[in-house]
Amino acid sequence: KLGGTVATYSVARQVRENMRAAGFKLEKLEGYGTKREMLKGVKTEHRGRGRIDKPWCRGWDLAPDKEVNSVAVVGAGVAGAALAHRLAGRGIRTQVFESESLTQSGKFNPAALVQPFLNAEPDWQSRFYHAAFLRARAVLKKLQQGSDEQLFDSAGVFKFGGKDGASSIESTGCAGLPAGTFEQEALIIAPEKVVRALLNHKSISLEENVFVERVRHGEQGWSINGGEEVFDCVVFANGYRLGGALDGNVYPLVPVRGQS
């Protein structure tokens with residue numbers, strides 16, 4: 001309704017354009033904590049789609065529960081590989097489709113930092129992410145046992161506090177350094193090596209250089225690009241590119257810098 005307000009940490013151009021198109025007057029403000037900027041908006045015009053009385057997902061007919069024996073995963077990044085590894089661990093035959101070669105230069109960052117999420121005051125978000133970090137570390141340690149390559153290395157990470165030090169959890173006590181947090185549990189991983197280790201499972205098959213353009217559902221299940229093999233389920237883990245595989249996609253997906 002008119003006069004409604006919205007706030008978001010994202011100040012990306014695509015976000016600003018979409019919000020203005022929806023009738024919001026926007027203003028950039030100083031962000032909270034270590035976030036440099038944030039966005040605030042007020043609804044000043046009626047634009048875009050009409051009123052939505054219920055969430056877009058309400059009213060859909062849910063598919064009945066059924067046994068899943070085969071899954072197609074589109075995208076062999078960290079998310080797709082981790083999902084495939086988990087499914088294969090449950091005895092589900094999994095085929096992963098990747099539009100590029102895993103050895104292609106520039107596909108993966110040379111290294112990535114994995115660290116727990118901490119707040120000055122523990123809340124549901126910090127508890128969730130800390131549990132996820134512990135789970136990720138356990139999975140990486142198990143993968144390392146079966147790999148000849150070094151998948152990760154333990155490292156401490158120093159994070160500076162806010163402008164006034166209010167977000168500091170523990171002072172470093174080091175002369176000349178502002179207050180901050182030292183997280184000794186952080187990990188530095190090699191994404192390409194981790195992905196290959198995750199996909200190294202007898203129940204996983206990888207199809208590289210295959211761009212998924214058509215996904216069809218028939219009486220026997222789902223098919224990819226008109227192939228004869230049929231799957232009980234298809235999972236998209238390829239970011240905005242999934243729009244190219246969805247016929248009649250009414251939710252156009254566009255890339256946003258810094259996001260997938």
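Side chains are part of it too, since the values below use all heavy atoms of this structure and drop only hydrogens, waters and symmetry mates. Residue indices begin at 1 and follow the sequence shown. None of these values were measured; they are calculated from a predicted model.
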Note, [X] side chain near [Y] side chain (heavy atom, < 4.5 Å):
{"X": "Leu87", "Y": "Val68", "result": "no"}
{"X": "Val234", "Y": "Val71", "result": "no"}
{"X": "Pro116", "Y": "His130", "result": "yes"}
{"X": "Val157", "Y": "Leu113", "result": "yes"}
{"X": "Leu2", "Y": "Thr44", "result": "no"}
{"X": "Ile224", "Y": "Glu207", "result": "no"}
{"X": "Tyr9", "Y": "Glu37", "result": "no"}
{"X": "Phe108", "Y": "Val195", "result": "yes"}

Assigning hydrophobic clusters by single linkage (Ile, Leu, Val, Met, Phe, Trp, Tyr; side-chain heavy-atom cutoff under 4.5 Å), is [X] placed with [Y]?
{"X": "Val139", "Y": "Leu134", "value": "yes"}
{"X": "Val15", "Y": "Val6", "value": "yes"}
{"X": "Val114", "Y": "Val78", "value": "no"}
{"X": "Leu199", "Y": "Leu143", "value": "no"}
{"X": "Leu198", "Y": "Val235", "value": "no"}

Would you indicate whether Phe133, at its atom CZ, is surrounded by more than 12 heavy atoms from other residues, nucleotides or ligands within a distance under 6.0 Å?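 More than 12 within 6.0 Å, yes.
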So does Gln220 have more than 12 non-hydrogen atoms from other groups sitting under 6.0 Å from CD?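 12 or below, so no.
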Value rounded to 0.5 Å, distance of [atom1] in [X] from [atom2] in [Y]:
{"X": "Leu151", "Y": "Leu140", "atom1": "CG", "atom2": "CG", "value": "7.0 Å"}
{"X": "Gln115", "Y": "Leu187", "atom1": "CD", "atom2": "CG", "value": "10.0 Å"}
{"X": "Glu192", "Y": "Glu149", "atom1": "CD", "atom2": "CD", "value": "8.5 Å"}
{"X": "Phe231", "Y": "His217", "atom1": "CZ", "atom2": "NE2", "value": "13.0 Å"}
{"X": "Glu27", "Y": "Lys25", "atom1": "CD", "atom2": "NZ", "value": "8.5 Å"}
{"X": "Ser205", "Y": "Gln95", "atom1": "OG", "atom2": "CD", "value": "3.5 Å"}

For a side-chain contact (heavy atoms from CB on, under 4.5 Å) check, start with the C-alpha distance between Leu39 and Lys28, then their side-chain angles and the critical distance, and finish with the verdict. CA-CA 5 Å; Leu39 207 60; Lys28 279 187 181 181; 3.9 Å; yes
For residues [X] and [Y], report the shortest heavy-atom separation together with the two atoms involved.
{"X": "Ala76", "Y": "Leu206", "value": "CB-CD1, 4.2 Å"}
{"X": "Gly75", "Y": "Asn238", "value": "CA-CB, 4.2 Å"}
{"X": "Phe24", "Y": "Gly41", "value": "CD2-C, 4.0 Å"}
{"X": "Ala7", "Y": "Met38", "value": "CB-CE, 4.0 Å"}
{"X": "Glu213", "Y": "Asn225", "value": "N-OD1, 2.8 Å"}
{"X": "Pro191", "Y": "Ala111", "value": "CD-CA, 3.8 Å"}

Are the side chain of [X] and the backbone N or O of [Y] linked by a donor-acceptor pair below 3.5 Å?
{"X": "Thr94", "Y": "Ile92", "value": "yes"}
{"X": "Lys202", "Y": "Ala88", "value": "no"}
{"X": "Asp153", "Y": "Ile188", "value": "no"}
{"X": "Ser147", "Y": "Gln144", "value": "no"}
{"X": "Asn109", "Y": "Ala112", "value": "no"}
{"X": "Ser70", "Y": "Asp232", "value": "yes"}
{"X": "Asn69", "Y": "Gly91", "value": "no"}
{"X": "Glu208", "Y": "Phe97", "value": "no"}
{"X": "Asn200", "Y": "Arg196", "value": "no"}

Taking Arg20 first and then Glu45, would you say they form a salt bridge - that is, a charged N and a carboxylate O separated by under 4.0 Å?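 Glu45 and Arg20: not salt-bridged.
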Any Lys/Arg nitrogen of Glu100 or Lys107 sitting under 4.0 Å from an Asp/Glu carboxylate oxygen of the other?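 So Glu100 pairs with Lys107 through a salt bridge.
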Working for side-chain contact (heavy atoms from CB on, under 4.5 Å), residues Arg216 and Arg214: CA-CA 6 Å; Arg216 297 284 190 276; Arg214 299 184 309 279; 3.8 Å; yes
Do Ser101 and Thr103 have side-chain atoms, one donor and one acceptor, less than 3.5 Å apart?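 Yes, Thr103 and Ser101 have a side-chain donor paired with an acceptor closer than 3.5 Å.
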Run the side-chain contact (heavy atoms from CB on, under 4.5 Å) check on Lys40 and Thr5 step by step: do they pass? CA-CA 7 Å; Lys40 174 184 176 182; Thr5 60; 5.6 Å; no
